[in-house]
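For reference, the structure is listed below as structure tokens.
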Number of protein chains: 2
Amino acid sequence: MNKAKRVTITDIARLAGVSPGAVSFALNGRPGVSAQTRQRILDIAEESQWLPNSAARALVGSHAGVIGFAVNRSAGTLGAEAFFTDLIAGVQSALAGKRIAMQMVLVSSVEEEVATYRRWHSAKQVDGVIVIDPRDDDPRLPVLRDLALPAVVLGSHASPEGHPATIWLDDSQVAHSLFDYLGALGHRSIAYVAGPAEFQHTRLRTEVLAGLGERGVRGEVIATDFSPAAASTAMRRLLSRLERPTAVVFDNDVMAIAGLRVAQEMGVPVPKDLSVASFDDSVVAGLVHPSITCITRDTFGLGAEAAKFLLEQIDAPDVLADRIGAMPQLTVRESTAVPR
Amino acid sequence: MNKAKRVTITDIARLAGVSPGAVSFALNGRPGVSAQTRQRILDIAEESQWLPNSAARALVGSHAGVIGFAVNRSAGTLGAEAFFTDLIAGVQSALAGKRIAMQMVLVSSVEEEVATYRRWHSAKQVDGVIVIDPRDDDPRLPVLRDLALPAVVLGSHASPEGHPATIWLDDSQVAHSLFDYLGALGHRSIAYVAGPAEFQHTRLRTEVLAGLGERGVRGEVIATDFSPAAASTAMRRLLSRLERPTAVVFDNDVMAIAGLRVAQEMGVPVPKDLSVASFDDSVVAGLVHPSITCITRDTFGLGAEAAKFLLEQIDAPDVLADRIGAMPQLTVRESTAVPR
DNA sequence: GGGTGCAACTATAGCGATTTAGTAAAACGG
DNA sequence: CCGTTTTACTAAATCGCTATAGTTGCACCC
């Protein structure tokens, strides 16, 4: 068995004939060694394939070299939505090359999420976290503030400026761009099959839809748990009524696809008799037939920006300036049309 | 600003009036302290919300408390496939409760993947890894063996038994269950739109299809990069020919959905004139119209099993007994039928 | 020429756990 | 009741790295 003993800075120090301290200076680009010695040390480190032991580094108090991502979704809905993988892929793209890893954990409640942050902080396991799905009166934000754990929140929330840093996503704008589009097409009865009511974006979207009332649009909201089954049920109920809505908007693409299927099963032609749209895009939304009109967000880019922002904040926790996320675009596809 | 100073075993030792060593014994259920003292220490630790500093633990040489997962897929195809999220969700389910985290990284080549394993091992960043998509002559396996890094490989590969441990997935069986089904329906010309040729499962499936030649089935393989665009192109080419295949099988569900759309665009009724099937299932595959006949694998369960197996191996690296993964099932849906 | 400054290092003290060796007191045994 | 084992601890080393306080040696300058 290959023992593969790990190379430490002490080994390098011995090889270079200097003290471990000098090696540390050299490897971290700190003053305290001559250019010549520094180069010699770097060469030896390279040759002997030295890699820093992250545990030791984390212990001495600098960085853990890890950012954390706690996802509060059931395992089932996780796999269905492309949002997470896209976001993660974006985060990874920003982390590539840097010696920073991402730790991910699935939690099943906000309480558990908060506990995870506490544990991560206490165990010095992560340097910062990415937080999604802000809620009204979000219990996570004060905790992150208390722990002084660097964080980037994606979305819009009521918290005052400052920690935690936020990439603001203007959900009202987003809701407007989709609902206004449907209104402009002539739809006067729109149903919105939403996710859980406690999410901030659900509330904002609901408000925007309600706001269209002045313009003669009757809106209706059905809360679900994001599952395709719930979407099917909602759709079936909507289409069984005498007064059907002429457009149904879903919170994500999987629910929209589920809804689409129900419409087809019930013989309701889309988009002729019914328009369908989704607040979330994905590759598949553009591939099904009819393809689904969606709000297209650069989730990958968002993930990358979030990671970069987080890293900046970890480096300089005091320099805080919230950012505005890229505005999502409306992608009109085949599933929406002028109502009959 | 809340300083939130971290509690260490030294603090607990002081509070309990014992030495840090005794606290360590107590907290780890090791002999060396009286039952009474142990309880007192545990109580104090609980009260003061002590949590082990994982960096310190990793440094002394026990465990890092982290398992690693390096995914070699482009960011784009990652989000499209539910496989990864399902697998990850499964892994997480097995890790929940235990104090073990999962680190994930996206790599873009096998070389980079190998380098990642080297780095992880050298930096003692992970205790073990999960390896997917085995290849012919896989360069990763000898490296893992050399590093003696605990690992679990998912799939079938040519390596002799022993390290790394494997959960064998019988891809020939899987291929048989799908291709034989199509053959039994009466299909005599089957196209297989596959992933990259270097994957072991691509080869095995190709072999099975070729084997059907004796029974009068003409098979044909088109290699792609797993992207829906490539699937569309392949499908368009297949359907433009005079002699169309009567069934097309895709390596994953997203490609199948892309192919389905092409068929619909070209006015080829599915399943009447063309059967479509996929080697990978997902929620969406069952929701599109027509729903797609798939090989359904309990990916979530597989992830959970892989994680459990890996943890066992980390605990006892010498006790190795490969396992047989659960056999995937054929899920017949609307997209396949007797050919005209 | 002796004080001052600076560059280039070394020595050493942690960080928070684990772990081994050592020690005092209690229990045991004949 | 004395020698031996066991119990219940403490003291101290250790992991790999960082950071701070020295310690040289050499140039500079009035």
Side-chain angles (χ1 to χ4, degrees), chain A residues 3-42 44-45 48-66 99 119-125 127, chain B residues 3-42 44-45 48-66 99 119-125 127:
Chain A
K3 275 282 171 186
K5 59 169 177 289
R6 282 170 250 259
V7 183
T8 71
I9 58 165
T10 312
D11 298 327
I12 296 177
R14 199 169 10 80
L15 288 171
V18 294
S19 74
V23 175
S24 176
F25 292 147
L27 292 169
N28 294 307
R30 220 171 293 267
V33 280
S34 65
Q36 196 186 1
T37 312
R38 180 185 305 269
Q39 193 53 55
R40 187 157 42 90
I41 291 172
L42 288 175
I44 293 174
S48 50
Q49 292 189 292
W50 174 85
L51 288 169
N53 180 317
S54 49
R57 273 205 171 150
L59 184 55
V60 72
S62 45
H63 292 328
V66 179
R99 293 227 165 293
R119 182 159 42 81
W120 274 347
H121 172 262
S122 180
K124 248 193 189 172
Q125 211 164 24
D127 298 320
Chain B
K3 276 282 173 189
K5 57 170 179 287
R6 279 170 254 261
V7 182
T8 72
I9 57 164
T10 313
D11 298 328
I12 296 177
R14 198 168 12 80
L15 288 171
V18 295
S19 73
V23 175
S24 176
F25 293 147
L27 292 169
N28 293 305
R30 220 170 292 268
V33 280
S34 65
Q36 195 188 1
T37 312
R38 179 184 307 269
Q39 194 52 55
R40 186 157 42 92
I41 291 172
L42 287 176
I44 293 174
S48 52
Q49 291 190 294
W50 173 85
L51 288 169
N53 180 318
S54 50
R57 272 206 172 147
L59 187 57
V60 290
S62 43
H63 291 328
V66 179
R99 292 226 165 292
R119 182 158 43 79
W120 275 347
H121 172 262
S122 181
K124 247 192 191 172
Q125 210 165 23
D127 299 320

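Only a predicted model underlies this, so the values are computations on that prediction, with no experimental measurement involved. In what follows, chains carry the letters A, B, and so on, assigned in the order in which the sequence lines appear, proteins first and then strands, with residues in each chain numbered from 1.
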Phosphate oxygens OP1/OP2 of C/dA17: is one of them under 4.0 Å from a side-chain N or O of B/Ser54? no
Shortest side-chain distance from A/Ser19, nucleotide among D/dT18, C/dT10, C/dA17: C/dT10
Quick one: label B/Pro31 by what it contacts on the DNA or RNA (base, sugar-phosphate, nothing), any heavy atom closer than 4.0 Å. nothing
Residue A/Leu59, side-chain heavy atoms: nucleotide from D/dC17, C/dT18, C/dG16 that is nearest: C/dG16
For C/dT19 and B/Ser24 - does any side-chain N or O of the residue sit under 4.0 Å from the phosphate oxygens OP1/OP2? no
If you compare every side-chain N and O of A/Thr8 against the phosphate oxygens of D/dG16 (OP1, OP2), does one of them come in below 4.0 Å? no
Checking contacts here: which listed nucleotide (D/dT20, C/dT18, C/dT20) is nearest the side-chain heavy atoms of B/Phe25? C/dT20
Are B/Asn53 and C/dC15 close enough that a side-chain N or O sits under 4.0 Å from OP1 or OP2? no
Determine: side-chain N/O of A/Trp50 to OP1/OP2 of D/dG16, distance under 4.0 Å, yes or no. no
Please check the phosphate of D/dC17 (OP1 and OP2 only) for any side-chain N or O of A/Thr10 closer than 4.0 Å. no
Calculate the interatomic distance between A/Arg30 atom CZ and D/dT18 atom P; express it in whole Å. 8 Å
Using a cut-off of strictly less than 4.0 Å, decide whether B/Arg57 has a side-chain nitrogen or oxygen near OP1 or OP2 of C/dT18. yes
